[in-house]
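I have placed the structure first, in the form of structure tokens, so that the comments after it can refer back to it.
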Amino acid sequence: MSTETMSIFSPALAARFDALVLKYPVKRSALIPMLLYAQDEVGYVSDAVMAEIAERLSITALDVKNVASYYSMLRFKPAGKYNVQVCTNISCMLRGAYDLFDHLQEKLGIGHKGVTADGLFSLEEVECIGVCCWAPAIQVNYDFHDDLTNDKVDAVLATYRAKVKEGVS
Amino acid sequence: MPRLVSHPDEVKIVTSRFGKGAADIDRFLELGGYESTRKALAQGPEWIINEMKASGLRGRGGAGFPTGLKWSFVPKVSAKPKYVLVNGDESEPGTCKDHLIFLHDPHAVIEGTIIAGLAIGAKTGFIYLRGEYRYLIQIVEKAVADAYAKGFLGKNIFGSDTEFEIIVQTGAGAYEVGEESALMESLEGKRGIPRIKPPFPAVVGLYGGPTVINNAETIASVPHILAMGGPAYAAVGSERNGGTRLFGISGHVNNPGIYELPMGYNLKKMIYEVAGGIRGGRTLKAVVPGGSSTPVLLPHEIETLGMDFDQVGKAGSMLGSGGVVVLDDTVCMVEFALRTISFYQHESCGWCIPCREGTDWLKKSLTRFHAGFGTMKDIDNIQYLAENMMGRTFCPLGDAAAMPTLGFVKKFRKEFEDHLDGKPCPFAKHNAPELTVV
Ligand SMILES: Cc1cc2nc3c(=O)[nH]c(=O)nc-3n(C[C@H](O)[C@H](O)[C@H](O)COP(=O)(O)O)c2cc1C
Ligand code: SF4
Ligand code: FES
């Protein structure tokens with residue numbers, strides 16, 4: 001199909017999608033993974049992302065948007081390079097998640113769903129991320145950091161800043 | 001990285017391979033892995049289902065439905081393909097046990113999926129993990145690829161003429177997708193709106209075919225049950241509650257973590273001995289026994305309480321997902337109730353009015369209450385709202401929101417009254433939530 005040559009995705013991701021649509025008994029089952037993997041590469045679910053995925057799955061772009069809007073990990077505008085997601089649900093709340101969230105807001109100078117001016121960090125308050133026994137916890141992109149204190153979270157931010165400096169992505 | 005904890009009272013069955021490198025297939029084989037699958041393949045479906053029934057295993061996803069019985073409901077002959085669906089959506093606040101299974105023993109989930117498939121005559125299994133578990137998805141995908149490479153999955157598994165395929169799927173953030181029919185919708189590439197039942201998944205499930213859906217811990221228990229024998233597994237637990245359970249103890253305890261304990265283990269002992277007691281030597285105020293949707297218990301209610309589905313049910317709550325959340329005397333119950341309902345308000349799929357509007361009104365009332373603008377009438381109103389949500393929704397999320405709310409209001413009414421008439425929250429460490437949503 002024409003998307004192979006015209007794809008907005010990298011050749012590696014396009015090839016991955018070619019395989020993904022053949023993996024399931026029904027092609028459309030690839031939709032949610034495709035949206036997530038596309039977001040990982042593009043940074044968010046853009047109109048162009050939705051249009052190409054729709055074409056690959058032979059469904060309408062509106063259909064894609066309707067599904068995408070249901071899932072909380074999918075976003076329609078760019079986040080920071082490192083998206084800091086703070087769980088404030090019960091187990092984390094009991095062990096100081098709101099203090100941590102306040103501290104991060106202050107430290108980064110942004111609020112819920114904000115992005116720092118340099119585009120390095122964004123901040124989000126999220127629901128339970130499945131690490132309740134090691135609370136309080138955050139997830140930065142897909143990496144978990146648990147059993148946190150304000151000091152520990154400062155160190156976590158510093159490691160991401162250092163990564164950028166070293167150009168390790 | 002999640003820490004492993006340990007206590008002498010633990011009976012390590014599902015966790016027996018944790019911390020031993022069993023995500024590596026060769027190591028897993030050294031530890032006796034895939035023996036149960038070979039056995040199941042040789043003995044056939046009837047034997048598997050009989051062992052499962054004898055084991056007394058009840059679903060670890062929350063409802064506690066007997067697994068052997070569930071499998072026996074799948075029609076033997078079906079025009080449409082049958083499926084096994086492993087629920088690794090794990091989103092109930094307070095629950096993180098499946099996390100450790102995927103991390104330390106992914107092949108146990110694969111084995112359990114194949115065995116379930118053999119039992120019901122399915123050729124395909126799906127393992128669905130929540131999207132946040134990306135690193136675990138990679139571990140499970142590698143394990144599946146390794147199992148294919150060894151010939152344990154594919155057209156002729158273990159050199160037999162039986163075919164079995166496994167597909168690993170990711171979610172993208174949605175609690176409601178943990179509900180079984182919503183999970184099927186999501187796997188079909190749709191919004192996670194549940195389906196009307198009946199028909200039940202065992203008859204009409206994924207892609208319209210008969211489907212067995214089980215929680216990841218349920219499935220990971222299966223190979224162990226076949227290895228030790230159903231009756232031996234049953235003997236570990238309490239009456240009508242076979243085996244062990246992965247209890248996730250979180251909140252104000254000294255040693256939070258996942259502990260594998262026999263069904264029926266005393267809750268007080270679990271908190272004070274296994275999890276090392278209340279942090280800072282403080283006093284226990286309340287326990288949420290099985291994830292955030294289960295009604296709160298008071299200290300005197302846990303004295304002799306055995307943690308199994310029947311005993312916790314009799315005590316007016318539920319064993320749920322096994323996520324035990326422990327609260328000390330610094331907790332404001334109004335704030336805790338507000339945080340709990342905020343979650344359900346956020347996660348309601350919006351299909352039915354009692355759930356969509358009920359969770360929203362409860363959140364608004366509790367927000368205002370916590371900020372000191374509550375009136376006596378609000379307390380009754382909260383109760384009235386919650387009572388009217390119960391049993392009036394398409395899926396159990398409505399109840400999951402209403403039940404804990406009712407528990408908080410009924411058991412801590414005095415504390416709600418202490419917030420009345422402009423009184424600031426007696427526990428306030430933070431400013432009251434802003435009133436923008438009211
Ligand atoms: C709103 C809602 C969320 C649920 N979330 C999960 C979940 O995250 N994981 C899970 O295993 N079961 C969850 N369940 C229960 C499933 O619907 C289903 O009963 C379970 O996966 C069956 O497996 P079991 O018999 O092994 O427990 C949820 C149910 C509801 C109503
Ligand atoms: S109870 Fe709530 S989550 Fe369940 S179908 Fe109704 S609106 Fe959706
Ligand atoms: S409550 Fe924070 S990870 Fe579960």
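Chain letters run A, B, ... following the sequence lines, proteins first, then strands; residues in each count from 1.
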Practice item. Please round to the nearest 0.5 Å and tell me the distance separating atom CZ of A/Arg95 and atom CZ of B/Arg279. Key: 4.5 Å

Point to revise | Interatomic spacing from OH in B/Tyr259 to SG in A/Cys133 - rounded to 0.5 Å | key: 8.5 Å

Check your understanding: Which answer fits B/Val326, side chain, backbone, both or neither, if we ask what part of it has an atom under 4.5 Å from a heavy atom of chain A?
Key -> backbone

Exercise for review: For A/Tyr142 and B/Arg134, test the side chains for any donor-to-acceptor distance below 3.5 angstrom and give the result as yes or no.
Suggested key: yes

Review point. Which pair of heavy atoms, one from A/Ile32 and one from B/Gly171, lies closest together, and at what distance?
Key: CG2-C, 4.1 Å

Review point. A/Ser29 and B/Tyr207: side-chain donor and acceptor closer than 3.5 Å?
Key: yes

Point to revise | Part of B/Ser186 within contact of chain A (heavy atom distance under 4.5 Å) | key: both

Check your understanding: Between B/Phe336 and chain A, which part of the residue has a heavy atom less than 4.5 Å away: side chain, backbone, both or neither?
Key -> both

Practice item. Heavy atoms only, distances under 4.5 angstrom: which of B/Asp98, B/Thr340, B/Val331, B/Leu187 has the most pairs with chain A? Name it, please. Key: B/Leu187

Revision key, fill the gap. The side-chain contact (heavy atoms from CB on, under 4.5 Å) partners of B/Thr95 (sequence neighbours excluded) come to B/Glu90, B/Glu92, B/Lys97, B/Ser321

Review point. Using non-hydrogen atoms and a limit below 4.5 Å, what part of residues 103-110 of chain A faces chain B?
Key: none

Review point. Measuring heavy-atom distances to chain A, does B/Val168 have an atom under 4.5 Å in its side chain, in its backbone, in both, or in neither?
Key: backbone

Review point. For chain B, which residues from residues 143-152 of chain A lie under 4.5 Å away (heavy-atom distances)?
Key: A/Phe144, A/Asp146, A/Asp147

**Study point:** side chain to side chain contact (heavy atoms under 4.5 Å, CB included), paired with A/Cys132, selected from B/Cys96, B/Pro93, B/Ser292, B/Pro256
**Key:** B/Cys96

**Study point:** Contacting region of B/Glu347 [heavy-atom separation from chain A under 4.5 Å]
**Key:** side chain

Exercise for review: Establish, from distance only, whether the side-chain atoms of B/Gln169 and A/Tyr24 form a donor-acceptor pair under 3.5 Å.
Suggested key: yes

Check your understanding: Any side-chain donor-acceptor pair under 3.5 Å between A/Tyr37 and B/Thr170?
Key -> no

Practice item. Name the region of B/Leu100, side chain, backbone, both or neither, that has any atom closer than 4.5 Å to a heavy atom of chain A. Key: side chain

Point to revise | Between B/Ala172, B/Gly350, B/Ser250, the one whose heavy-atom pairs under 4.5 Å with chain A are most numerous | key: B/Ala172

Check your understanding: Taking the side chain from A/Trp134 and the backbone from B/Arg3, do they hold a donor-acceptor pair closer than 3.5 Å?
Key -> yes

Point to revise | Options A/Met73, A/Met34, A/Gln139, ranked by heavy-atom pairs under 4.5 Å with chain B, top entry | key: A/Met73

Review point. A/Ser69, A/Pro25, A/Ala135: which one forms the most heavy-atom pairs within less than 4.5 Å of chain B?
Key: A/Pro25

Review point. Of the non-hydrogen atoms in A/Tyr70 and B/Gly192, which two are nearest, and what is the gap between them?
Key: OH-O, 2.7 Å

**Study point:** Minimum-distance pair of heavy atoms, taken over all atoms of B/Gly251 and A/Leu94
**Key:** CA-CD1, 3.9 Å

Show the atom names and distances, to 0.1 Å, of all donor-acceptor pairs under 3.5 Å that link a side chain in residues 121-131 of chain A to residues at least two apart or in another chain.
| residue | atom | partner | partner atom | Å |
| --- | --- | --- | --- | --- |
| A/Ser122 | OG | A/Gly80 | N | 2.9 |
| A/Ser122 | OG | A/Asn83 | OD1 | 2.8 |
| A/Glu124 | OE1 | A/Asn83 | ND2 | 3.0 |
| A/Glu125 | OE2 | A/Thr88 | OG1 | 2.6 |
| A/Glu125 | OE2 | A/Tyr98 | OH | 3.2 |
| A/Glu127 | OE1 | A/Asn89 | ND2 | 2.8 |
| A/Glu127 | OE1 | B/Arg339 | NH1 | 3.3 |
| A/Glu127 | OE1 | B/Arg339 | NH2 | 2.9 |

